[in-house]
Amino acid sequence: MKKSIKPGILGAALMAATLFSFDAFSQTSAPAVQTMSAEQKAKSDADQQAKAAEWVSALKLNDAAKEARVKQVIATHLKAVRDWHNEHPYTTVPAGINPVTGNKLSELDRQVIANSAMPKTVHETLMSGLRKDLTEEQVEAILDEYTIGKVAFTMKAYKEIVPNMTAEEEATLLKNLKQAREQAIDYKNMNQISAIFEIYKTKNEQYLNSNGRSWRQMYKDYTNAIKAKKAADAAAQKKQ
């Protein structure tokens, strides 16, 4: 598991909003708005419907009316995220620096900032629509589909890296990852979703550091143990 190194996306959003307005910037730049032909849009819409159907099918609701409602809620959200992303390219965000790190904003940083301006109602409509027909466990299963199981995958890595993890530590790390997951569903692709998770992974590392742990040392010990095991396995194979 990689150590998080990009803690400043939210701070960058603040800087961009303070120094420039999107409208003023757009007067001096030509945003590369992604437009789709009618045929491309129809295909994309069908893809979103198919993805929603696959996710809902995995829940085995055994209720056709409920399945139809949930599929529509998910597909509508996927299309809204796609459309916002296409209509608000990274070029709508001024090229500046991350005020936390001083590094120049990357295209990914700027796209995340642009996508984060999507109306909150898009997210709220999805979540209320899911909770209308699904249990909280089923809602979490859908969110895991959106984010390809990043919560479980990352939590598993934490348990391997952090020795003798306490119940309180586990609860805190998991809570932050679940917040990352719900926020990440409003972003279009895995690069952006991963960037959102990096924010919360950094929070988790800071939490561990402030509670008597050393993330740097634990991660170093973890990687050294993996290297040692590989070396031992290689040596054993040579002897055979």
Side-chain angles (χ1 to χ4, degrees), residues 1-2 9 34-89 108 111-112 114-159 170-171 173-201 204:
M1 172 178 164
K2 284 189 175 181
I9 292 177
Q34 300 178 41
T35 58
M36 292 189 291
S37 66
E39 182 179 357
Q40 289 173 323
K41 189 172 188 303
K43 182 182 184 305
S44 179
D45 285 350
D47 289 342
Q48 309 310 329
Q49 291 286 164
K51 185 180 294 185
E54 179 183 347
W55 295 352
V56 174
S57 177
L59 296 178
K60 301 186 184 304
L61 298 177
N62 299 316
D63 184 324
K66 184 183 292 188
E67 288 181 0
R69 289 193 297 269
V70 176
K71 282 190 288 188
Q72 190 56 46
V73 166
I74 295 171
T76 296
H77 182 263
L78 289 169
K79 293 172 189 176
V81 171
R82 175 202 64 197
D83 291 343
W84 182 272
H85 171 86
N86 290 347
E87 294 164 8
H88 299 79
L108 177 59
Q111 187 63 67
V112 168
N115 286 7
S116 70
M118 186 173 69
K120 292 181 179 179
T121 52
V122 175
H123 181 90
E124 293 166 353
T125 298
L126 170 70
M127 297 307 296
S128 62
L130 293 177
R131 290 188 170 121
K132 180 179 179 181
D133 281 307
L134 303 178
T135 65
E136 202 60 31
E137 183 179 353
Q138 290 170 331
V139 170
E140 290 202 19
I142 293 297
L143 301 188
D144 281 331
E145 292 284 4
Y146 268 95
T147 55
I148 63 170
K150 274 185 171 288
V151 168
F153 174 82
T154 308
M155 200 66 216
K156 180 177 181 294
Y158 281 144
K159 289 181 178 180
E170 182 175 352
L173 300 181
L174 183 59
K175 179 182 177 182
N176 283 338
L177 291 179
K178 287 186 175 183
Q179 288 179 343
R181 179 181 62 189
E182 183 167 343
Q183 187 175 342
I185 64 175
D186 296 332
Y187 294 81
K188 185 175 182 291
N189 58 46
M190 286 313 304
N191 285 339
Q192 295 165 26
I193 288 172
S194 294
I196 298 302
F197 268 84
E198 286 299 316
I199 298 170
Y200 289 88
K201 286 160 67 177
N204 278 343

>> Checking Val73 against Leu126 for the side chain to side chain contact (heavy atoms under 4.5 Å, CB included) test, could you report, in this order, the C-alpha distance in whole Å, the side-chain angles of both residues, the deciding distance, and whether it holds?
In response: CA-CA 6 Å; Val73 166; Leu126 170 70; 3.7 Å; yes
Heavy atoms only: give me the nearest [X]-[Y] pair and the separation to one decimal.
X      : Y      : answer
Ala195 : Leu108 : CB-CD2, 4.2 Å
Ala75  : Ala52  : N-CB, 3.9 Å
Gln40  : Met36  : OE1-CA, 3.4 Å
Thr147 : Ala184 : CG2-CB, 4.1 Å
Ala180 : Tyr200 : CB-CD1, 3.4 Å

>> Before you tell me yes or no, could you show the steps for Glu170 and Met155 under side chain to side chain contact (heavy atoms under 4.5 Å, CB included), namely the whole-Å CA-CA distance, both residues' side-chain angles and the distance that decides it to 0.1 Å?
In response: CA-CA 8 Å; Glu170 182 175 352; Met155 200 66 216; 3.6 Å; yes
When rounded to the nearest 0.5 angstrom, what distance separates [atom1] in [X] from [atom2] in [Y]?
X      : Y      : atom1 : atom2 : answer
Asp45  : Lys41  : CG    : NZ    : 4.0 Å
Leu174 : Tyr158 : CG    : OH    : 10.5 Å
Gln179 : Ile199 : CD    : CD1   : 11.5 Å
His123 : Glu182 : NE2   : CD    : 3.5 Å
Asp133 : Leu61  : CG    : CG    : 8.0 Å
Arg181 : Ile142 : CZ    : CD1   : 11.0 Å

> Are the side chain of Thr154 and the backbone N or O of Val151 linked by a donor-acceptor pair below 3.5 Å?
Replying inline: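 No, because the side chain of Thr154 does not come within donor-acceptor range (under 3.5 Å) of the backbone of Val151.
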> With distance as the sole test, does Thr76 use its side chain to make a donor-acceptor pair with the main-chain N or O of Gln72 at under 3.5 Å?
Replying inline: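 Checking the backbone N and O of Gln72 against the side chain of Thr76, a donor-acceptor pair under 3.5 Å is found.
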>> So, using side-chain hydrogen bond (donor to acceptor under 3.5 Å, both in side chains) as the criterion, who are the partners of Lys66 when residues are at least two apart?
In response: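 Checked Lys66 against side-chain hydrogen bond (donor to acceptor under 3.5 Å, both in side chains); zero matches.
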> So Ser194 and Lys150, side chain to side chain contact (heavy atoms under 4.5 Å, CB included) or not? Walk me through it.
Replying inline: CA-CA 9 Å; Ser194 294; Lys150 274 185 171 288; 3.3 Å; yes
> Is there any ring pair (Phe, Tyr, Trp, His ring centres under 6.0 Å) pair reaching into residues 51-74, and which pairs are they, with sequence neighbours excluded?
Replying inline: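 Of all non-adjacent pairs touching residues 51-74, those that pass ring pair (Phe, Tyr, Trp, His ring centres under 6.0 Å) are Trp55-Tyr146.
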>> Can you tell me which residue among Lys79, Lys71, Glu54 is in a side chain to side chain donor-acceptor pair (under 3.5 Å) with Gln49?
In response: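 Only match with Gln49 under side chain to side chain donor-acceptor pair (under 3.5 Å): Lys79.
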> Listed by chain and number, what are the side chain to side chain contact (heavy atoms under 4.5 Å, CB included) partners of Lys188, not counting sequence neighbours?
Replying inline: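 Side chain to side chain contact (heavy atoms under 4.5 Å, CB included) check on Lys188 returns Val81, Arg82, His85, Asn86, Gln192.
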> Does the pair His77 and Gln48 meet the rule for a side chain to side chain contact (heavy atoms under 4.5 Å, CB included), with working shown?
Replying inline: CA-CA 9 Å; His77 182 263; Gln48 309 310 329; over 6 Å; no
>> What verdict does the salt bridge (charged side-chain N to carboxylate O under 4.0 Å, His left out) test give for Glu145 and Lys51, after you've listed the backbone C-alpha separation in whole Å, the side-chain angles of each residue and the deciding distance to 0.1 Å?
In response: CA-CA 10 Å; Glu145 292 284 4; Lys51 185 180 294 185; over 6 Å; no
> Taking Ile196 as the fixed residue, which of Asn115, Ile185, Val112 is the one that meets the side chain to side chain contact (heavy atoms under 4.5 Å, CB included) rule?
Replying inline: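 Single pass found, and it is Val112.
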> Looking at side-chain heavy atoms only, is the closest gap between Leu134 and Arg69 below 4.5 Å?
Replying inline: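 Not in contact.
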>> Under the criterion salt bridge (charged side-chain N to carboxylate O under 4.0 Å, His left out), I'd like the reasoning laid out for Asp47 against Lys43: C-alpha separation, chi angles, the key distance, then a yes or no.
In response: CA-CA 6 Å; Asp47 289 342; Lys43 182 182 184 305; 3.2 Å; yes
